[in-house]
Student: 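The structure that follows is given in the form of structure tokens.
This is a predicted model, so every value here is computed, not measured.
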Amino acid sequence: MTVINPEHEVELRHLEHFLAVAEEGSFTRAAARIHLVQSALSVSIRSLERELGGRLFDRTTHRVELTDAGQALLVEARRTLAAADAARDAVAAVHGGVRGSVRVGIMHSLALIDLGNLLARYNRERPKVQIVPNALQGGSVELARQVTEGRLDLAFVALPDGYPPGLTVHPLASEPMSLACPPDHTFASRRFIPLSELDGARFVDFPPGWGTRRSVDQLFLESGLQREIAVEVADIPTVIDLVRAGFGFAFLSPSLVPEPRRVALLPAQPGPVFAVSLITPDDRPPSAAARALIDLVLATYPIPDPSGS
């Protein structure tokens, strides 16, 4: 393993270039991301490798991968760049207010949180900050990974089976999920459905990384029951259409189902819960712009008091 000499001085721009290549896994995509010609990016990375005394990337025809030394540098590079951003923010705040950007991870379904109102208020109070929203097909699992990796400053997620290390979790809101079935189904006239009656039933569901899917998977696992996932759909209206057509059941948060309802919603006993949290990294300080948004979210949705007082 190549050892990185901490006594060398490294320019921030070289670290920024290194981080872009590491995250994109490609010199071509990294060059486009940071608006630099590829030859200049390659020169910058070679200069950084000479400065640190070892290769940072293994280059192949189709992929660029981090070496052991590159993996070691990745964590420190993110911390160093975050500290530099914080220093710039502090100076900018003195000379005319908070600037910069905030990279926000959002789920495809976030009806429990009035994100539009939050971001609009934030924009009115800090017009010089650019808000960069990101919705990922991988759902909450992918959002959490990108926060820990430093690609996102914060994210709204739902991970009922636990969060990975390196995150601070702020619970915001929750609601019970209901069983959705066609309006003419025999279940539709019932007051509730025992979960045991759904053993082996056919379901329409979301991809495995979505919080709603993980809530239902966890419930069935803990109850010792099975279900058939007939199709996975990354789109709530399509799930509702398939349920209405009789393709299968689904568990949905009532706040996600538009009125007038096109499907019947019934409580299950026991039933899954959809809980939204705000996650932030715990290994680096947020920028002033990110800190302001975090404070606004937590002031609007204070963490519930577990004592109930």
Side-chain angles (χ1 to χ4, degrees), residues 1-88 100-106 130 132-155 157 163-167 207-209 234 279-287 290:
M1 174 177 174
T2 302
V3 178
I4 297 175
N5 187 345
E7 295 180 357
H8 289 294
E9 294 183 2
V10 177
E11 295 185 25
L12 289 178
R13 63 186 177 89
H14 289 322
L15 291 181
E16 292 169 348
H17 298 167
F18 162 78
L19 191 59
V21 176
E23 292 180 347
E24 297 296 335
S26 161
F27 277 81
T28 301
R29 291 193 296 270
R33 167 176 151 180
I34 61 179
H35 307 293
L36 191 69
V37 295
Q38 189 171 337
S39 59
L41 177 60
S42 296
V43 169
S44 176
I45 296 300
R46 286 197 297 270
S47 175
L48 181 60
E49 289 176 328
R50 285 195 303 270
E51 186 68 31
L52 296 177
R55 288 185 304 106
L56 300 173
F57 296 102
D58 284 329
R59 301 162 177 83
T60 66
T61 304
H62 302 290
R63 184 71 183 171
V64 177
E65 296 182 349
L66 288 166
T67 63
D68 288 344
Q71 289 285 0
L73 178 61
L74 185 61
V75 175
E76 296 304 324
R78 287 187 173 128
R79 288 176 179 167
T80 299
L81 292 172
D85 287 341
R88 295 190 190 101
S101 63
V102 184
R103 299 162 299 174
V104 183
I106 58 175
Q130 180 187 13
V132 184
N134 291 270
L136 305 174
Q137 286 296 96
S140 292
V141 171
E142 178 67 11
L143 291 171
R145 186 177 70 83
Q146 293 212 7
V147 171
T148 58
E149 291 181 351
R151 300 191 189 194
L152 295 173
D153 297 306
L154 54 101
V157 299
Y163 291 82
L167 295 172
I279 57 172
T280 57
D282 63 12
D283 64 345
R284 60 188 183 275
S287 67

Student: Under the salt bridge (Lys or Arg N to Asp or Glu O under 4.0 Å) definition, can you give me all pairs with a residue in residues 31-46, not counting sequence neighbours?
Tutor: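 Sorted pair list: Glu23-Arg33, Glu24-Arg33.
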Student: With sequence neighbours excluded, tell me which residues meet ring pair (Phe, Tyr, Trp, His ring centres under 6.0 Å) with Phe57.
Tutor: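 Partners of Phe57 by the ring pair (Phe, Tyr, Trp, His ring centres under 6.0 Å) criterion, ordered by chain and then number, come out as Phe18.
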Student: Is a side-chain donor or acceptor of Asn134 paired with a backbone partner of Val132 at a separation under 3.5 angstrom?
Tutor: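 Yes: the side chain of Asn134 pairs with the backbone of Val132.
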Student: Once rounded to the nearest 0.5 Å, what's the spacing between atom CD of Glu51 and atom CD of Glu11?
Tutor: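 Going from the CD atom of Glu51 to the CD atom of Glu11 covers 8.5 Å.
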Student: Please name all residues satisfying salt bridge (Lys or Arg N to Asp or Glu O under 4.0 Å) with Arg284, sequence neighbours left out, ordered by chain then number.
Tutor: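 Listed in chain order: nothing, the list is empty.
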Student: Any non-hydrogen side-chain atom of Leu15 less than 4.5 Å from a side-chain atom of Leu73?
Tutor: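 SC-SC contact between Leu15 and Leu73 confirmed.
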Student: Mind checking the OG-CZ spacing from Ser44 to Phe27? Nearest 0.5 Å is all I need.
Tutor: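 Reported to 0.5 Å precision, the distance equals 9.0 Å.
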Student: Would you please name every residue forming a side-chain hydrogen bond (donor to acceptor under 3.5 Å, both in side chains) with Glu76, sequence neighbours left out?
Tutor: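 Counting only residues at least two positions away or on another chain, Glu76 forms a side-chain hydrogen bond (donor to acceptor under 3.5 Å, both in side chains) with Arg79.
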Student: Which heavy atom of Pro133 sits nearest to which heavy atom of Ile106, and what is that distance?
Tutor: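 Scanning both residues, the minimum pair turns out to be CB-CD1, 4.3 Å.
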Student: Would you check if Val21 and His17 make a side-chain contact, meaning some heavy-atom pair closer than 4.5 Å?
Tutor: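 Not in contact.
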Student: For side-chain contact (heavy atoms from CB on, under 4.5 Å), just list the numbers for Leu19 and Leu74, CA-CA rounded to whole Å, side-chain angles, deciding distance to a tenth of an Å, and then say yes or no.
Tutor: CA-CA 7 Å; Leu19 191 59; Leu74 185 61; 3.5 Å; yes
Student: Mind checking whether Val104 and Leu152 have side chains closer than 4.5 Å, heavy atoms only?
Tutor: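 No, side chains not in contact.
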Student: Is any side-chain heavy atom of Thr80 less than 4.5 Å from a side-chain heavy atom of Leu12?
Tutor: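 They are in contact (side-chain heavy atoms under 4.5 Å apart), so the answer is yes.
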Student: Under a 3.5 Å distance rule, please check whether Ser47 uses its side chain to pair with a backbone N or O of Val43 as donor and acceptor.
Tutor: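 A pair under 3.5 Å: no.
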Student: Atom NE2 of His14 and atom CG of Leu41: how far apart are they, to the nearest 0.5 Å?
Tutor: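 If I round to the nearest 0.5 Å, the distance is 11.0 Å.
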Student: For a quick test of reading the model, state the closest non-hydrogen atom pair linking Ala144 to Val157 and the distance between them.
Tutor: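 Nearest heavy atoms, Ala144 then Val157: N-CG1, 4.5 Å.
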Student: How long is the span from the CG atom in Leu81 to the OG atom in Ser287, to the nearest 0.5 Å?
Tutor: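 OG of Ser287 is found 13.0 Å from CG of Leu81.
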Student: List for me each residue that meets side chain to side chain contact (heavy atoms under 4.5 Å, CB included) alongside Pro208, sequence neighbours excluded, and say none if there are none.
Tutor: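 Per chain and number, Pro208 pairs via side chain to side chain contact (heavy atoms under 4.5 Å, CB included) with Arg213, Glu232.
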Student: Could you measure the distance from the OG atom of Ser26 to the CD atom of Gln38? Nearest 0.5 Å is fine.
Tutor: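 Those atoms lie 7.0 Å apart.
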Student: Using 0.5 Å steps for rounding, measure from the CG atom of Leu56 to the OG1 atom of Thr67.
Tutor: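 Leu56 CG to Thr67 OG1: 5.5 Å, rounded to 0.5 Å.
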Student: Are any of the side-chain heavy atoms of Leu154 and Val102 separated by less than 4.5 Å?
Tutor: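 Yes, at least one pair of side-chain atoms sits under 4.5 Å.
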Student: I want to check something: taking the side chain as every heavy atom from C-beta on, are Glu16 and Ile34 in contact at a cut-off of under 4.5 Å?
Tutor: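 In short, these two side chains do not touch, never coming nearer than 4.5 Å.
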Student: Would you say that Val147 contacts Thr280 through its side chain, given a criterion of any heavy-atom pair below 4.5 Å between the two side chains?
Tutor: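 No, too far: nothing below the 4.5 Å cut-off.
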Student: Closest approach of Asp153 and Ala290, non-hydrogen atoms and distance?
Tutor: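 Heavy atoms of Asp153 and Ala290 come nearest at CB-CB, 4.1 Å.
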Student: In plain terms, say whether Arg145 and Glu142 are close enough for a salt bridge, that is, a side-chain N and a carboxylate O under 4.0 Å apart.
Tutor: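 Yes, this pair counts.
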Student: Applying salt bridge (Lys or Arg N to Asp or Glu O under 4.0 Å), can you list everything that pairs with Asp58, at least two apart in sequence or on another chain?
Tutor: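 Expected list: Arg55.
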Student: Considering only heavy atoms from C-beta outward, does the side chain of Arg103 approach that of Gln146 to under 4.5 Å?
Tutor: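 The answer is no, as the side chains (C-beta and beyond) never meet within the 4.5 Å cut-off.
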